[in-house]
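Everything below concerns the one structure shown next.
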Protein chains: 2
Amino acid sequence: MVSAPLPAVAARPDGKKEKESDSKARLRLWIRLLRASRLIEGMARERLKAQFGATLPRFDVMAALFRKPDGMLMSEISRFLMVSNGNVTGIVDRLVADGLVARSQRSGDRRTSFITLTRKGRAAFAAMAAAHESWIDELLGGISARDAEQMSAKLKSFRSDWEGEA
Amino acid sequence: MVSAPLPAVAARPDGKKEKESDSKARLRLWIRLLRASRLIEGMARERLKAQFGATLPRFDVMAALFRKPDGMLMSEISRFLMVSNGNVTGIVDRLVADGLVARSQRSGDRRTSFITLTRKGRAAFAAMAAAHESWIDELLGGISARDAEQMSAKLKSFRSDWEGEA
DNA sequence: GCCGATTATTTCAAGCTTAAATATTCAAGC
DNA sequence: GCTTGAATATTTAAGCTTGAAATAATCGGC
């Protein structure tokens, strides 16, 4: 995915005409997007491990929970992080084993359990989040705040456009 | 990583002043970037599996090799795809088992092996690549070619900026 | 020619990830 | 109350991923 060759022309299912360069421009954008993501993820993974002994998926789950003091369902976490259900089970299991998050049965529904950060988990996450924000700022420093906002807006609209169709 | 809370202020190592909103804008960009990547990757993985019985990592390796008919070293593949060395070993093993790529010793250096696509591999990849390009074009259709080019350029510069420092 | 450093690759353990299969619970509808 | 279908969560198998350690081959200085 990092590298798809660019020569081919995409045919549109709706039959509308489109310049070859358009599809190439989008493909190039996707490749750059993915390479940027991998670069940032790699950096964050490395530093999380070195400085906090944590992994990126654990950080992600804790970040999701940090925003919701009342807790989240397993399925809410997986939907929010866009990962599979079974995936979250394993990560939460390990976080529970480390005492960073807790499962509790707060509703009458015995299928579901609310996952919350423990006090220890909140403290651990706060430290990591501060460092994390400064890493990102360091790494993306070459992009002005104005450009960052513009790109965010475009990425956001693309996402909701597509979700609407699917 | 998909969700880092935004309130905290990043302190810059170099001591230069920076508006809090700047670091927040970059953090937001990173979150959007990652969510977009996951969305696109998920779509591509799903379709590759459904339509071609292939996986994304295998597609990536084949895409890298497709650009280089003379072959690549294992280390070139892993550097290009920004994944670890050991990772590529396993993926190539499976591709070799499927007859899609081949290892050969073409230089005087017996440590290294050149990896190339087989004829079968080239044919398989060509079909996947055409479909892949149209998927991306479909998914990113909401972004104009002009915007795509602008964003590509900004992402590229950020990347080389950082690589220069590190 | 020998030795230490370097380079290329593989191996391994731990953890992550998905998709599919399974189990459990809930909510209706009868 | 019982059944059925939907929703939720977990388990499983296969594959991906990393980082570190092990292996192997090469290179450079002597």
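Every heavy atom of this structure was used, including side-chain atoms; hydrogens, water molecules and symmetry mates were not. Residue numbers begin at 1 in each chain, while the letters A, B, ... track the order of the sequences.
For A:Val83, taking side-chain heavy atoms from C-beta onward, the closest of the listed nucleotides D:dA24, C:dT18, D:dC16 is C:dT18. Closest to the B:Thr112 side chain, of the nucleotides C:dT9, D:dT8, D:dT26, is C:dT9. Nearest to the side-chain atoms of B:Arg111 among the listed nucleotides C:dT6, D:dA9, C:dC16 stands C:dT6.
As a whole-Å value, the separation of B:Met43 CE from C:dA19 P is 13 Å. The distance from atom CE of B:Met74 to atom P of D:dT23 is 19 Å, rounded to the nearest whole Å. Here the P atom of nucleotide D:dA7 and the CZ atom of A:Arg79 are 12 Å apart, to the nearest Å.
Note: B:Leu140 CG to B:Ile40 CD1 = 4.5 Å, rounded to the nearest 0.5 Å. A distance of 4.5 Å separates CZ of B:Arg103 from CG of B:Asp93, quoted to the nearest 0.5 Å. The OG1 atom of A:Thr112 sits 7.0 Å away from the CD atom of A:Gln105 when rounded to the nearest 0.5 Å. Considering CG of A:Leu34 and CG of B:Leu34, their distance stands at 10.5 Å, rounded to 0.5 Å.
For the residue pair B:Ser84 and B:Ser78, the shortest heavy atom distance occurs at O-CB, 3.8 Å. Nearest heavy-atom pair, A:Leu56 versus A:Glu41, reported as atom, atom and distance to 0.1 Å: CD2-O, 3.6 Å.
For B:Arg58 and B:Phe52, the positive end is not near the middle of the six-membered ring at less than 6.0 Å and at most 45° from its axis.
The partner of C:dA13 is D:dT18, judged by Watson-Crick or G-U wobble contacts that both fall below 3.5 Å.
Here A:Ser75 does not reach the OP1 or OP2 of D:dA7: none of its side-chain N or O atoms lies under 4.0 Å away. When the side-chain nitrogen and oxygen atoms of B:Arg110 are compared with OP1 and OP2 of D:dT26, one or more of them lie within a distance under 4.0 Å.
Heavy-atom nearest nucleotides on DNA chain D were determined for A:Arg45 and for A:Leu73, and the one closer to the 5' end corresponds to A:Leu73. Comparing A:Ser113 and A:Glu46 by the nucleotide of DNA chain D that holds the closest heavy atom to each, the one mapping nearer the 5' end is A:Ser113. Take the nearest nucleotide of DNA chain C for B:Gly42 and for A:Arg58: the residue whose nucleotide is more 5' is A:Arg58.
Residues from residues 85-98 of chain B that place a heavy atom under 4.0 Å from any atom of DNA chain D, listed by number: B:Gly86, B:Asn87, B:Ile91, B:Arg94.
Using a 4.0 Å heavy-atom cutoff across all strands shown, B:Ser84 reaches at least one base atom of the nucleic acid.
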